[in-house]
Amino acid sequence: MPFLEKIKNFFAPKWEPLVCRPADIIDLFRQDIATNAPLEDLTVEINGKPHHVGISSEYDRSKGFSDTYFFFDDQCFKTLEGFVKKASVDGVLFSELETIKILRENLDSGDPRNSVLLSQREIK
């Protein structure tokens with residue numbers, strides 16, 4: 001590693017995964033829907049493996065957001081209720097997991113610590 005890169009890495013802020021409950025992410029989805037911003041794409045770690053969870057929508061200038069769906073890896077749901085009742089990993093419902101880590105790998109939605117909802121609820 002070149003010397004300048006070592007210095008840059010030394011002064012760069014260290015990022016630790018945010019640990020929260022699945023209910024916090026579900027509440028984040030509710031907040032995104034309520035504020036008409038149904039877009040979220042997070043990489044979470046469950047049982048030592050990365051998984052993708054979020055909301056996606058089509059956007060049209062004249063119509064706004066439409067065709068919103070919720071996803072967990074390859075599982076897709078048209079409603080948040082369907083996501084809560086059916087999204088699962090290794091035979092366990094996502095909504096019933098104790099804790100999960102939000103990783104930095106895929107933060108298209110921004111740093112989750114910038115979310116007031118998640119930063120106030122982080123489990124330390």
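Position 1 is the first residue of the sequence; numbering continues from there. Just so it is clear, the model here is predicted, and its values are computed rather than measured.
Leu93 approaches Lys85 most closely through the heavy-atom pair CD2-O, 3.3 Å. Considering every non-hydrogen atom in both Phe71 and Ile55, the closest pair reads CE2-N, 3.6 Å. In plain terms, the two heavy atoms of Pro22 and Ser95 that are nearest each other are CB-CA, 4.1 Å. A pairwise comparison of heavy atoms in Pro50 and Leu103 identifies CB-CD1, 4.4 Å as the closest pair.
Ring to ring, Phe83 and Phe94 are close: their centroids are under 6.0 angstrom apart. A distance of 6.0 Å or more separates the ring centres of His52 and Phe72.
Residue Thr68 holds its OG1 atom at 11.5 Å from NZ of Lys78, rounded to the nearest 0.5 Å. Here the CG atom belonging to Asp32 is positioned 9.0 Å from the CZ atom belonging to Phe70, to the nearest 0.5 angstrom. Between the OG atom in Ser57 and the CG atom in Asp67 there is a gap of 8.0 Å [rounded to 0.5 Å]. Here the NZ atom belonging to Lys101 is positioned 14.0 Å from the OG1 atom belonging to Thr43, to the nearest 0.5 angstrom. Within the model, atoms NE2 of His51 and CG of Asp90 stand 6.0 Å from one another, a figure rounded to the nearest 0.5 Å. Distance check, rounded to the nearest 0.5 Å: CG of Leu28 to CG of Leu42 gives 7.0 Å.
Both Phe77 and Val44 are members of a single hydrophobic cluster when ILVMFWY side chains are connected at heavy-atom separations under 4.5 Å. At a threshold of 4.5 Å between side-chain heavy atoms, the hydrophobic network of Ile, Leu, Val, Met, Phe, Trp and Tyr places Ile26 and Val89 in one connected group.
With Phe29 as reference, Leu80 is the one residue of Val84, Asp24, Leu80 to meet the side chain to side chain contact (heavy atoms under 4.5 Å, CB included) rule.
You'll find the side chain of Val53 stays beyond 4.5 Å of the side chain of Asp41, heavy atoms only.
Although no hydrogens or angles enter the test, the distance criterion places no donor-acceptor pair under 3.5 Å between the side chain of Thr99 and the main chain of Arg21. Between the Gln75 side chain and the Ser88 main chain, a donor and an acceptor come within less than 3.5 Å of each other.
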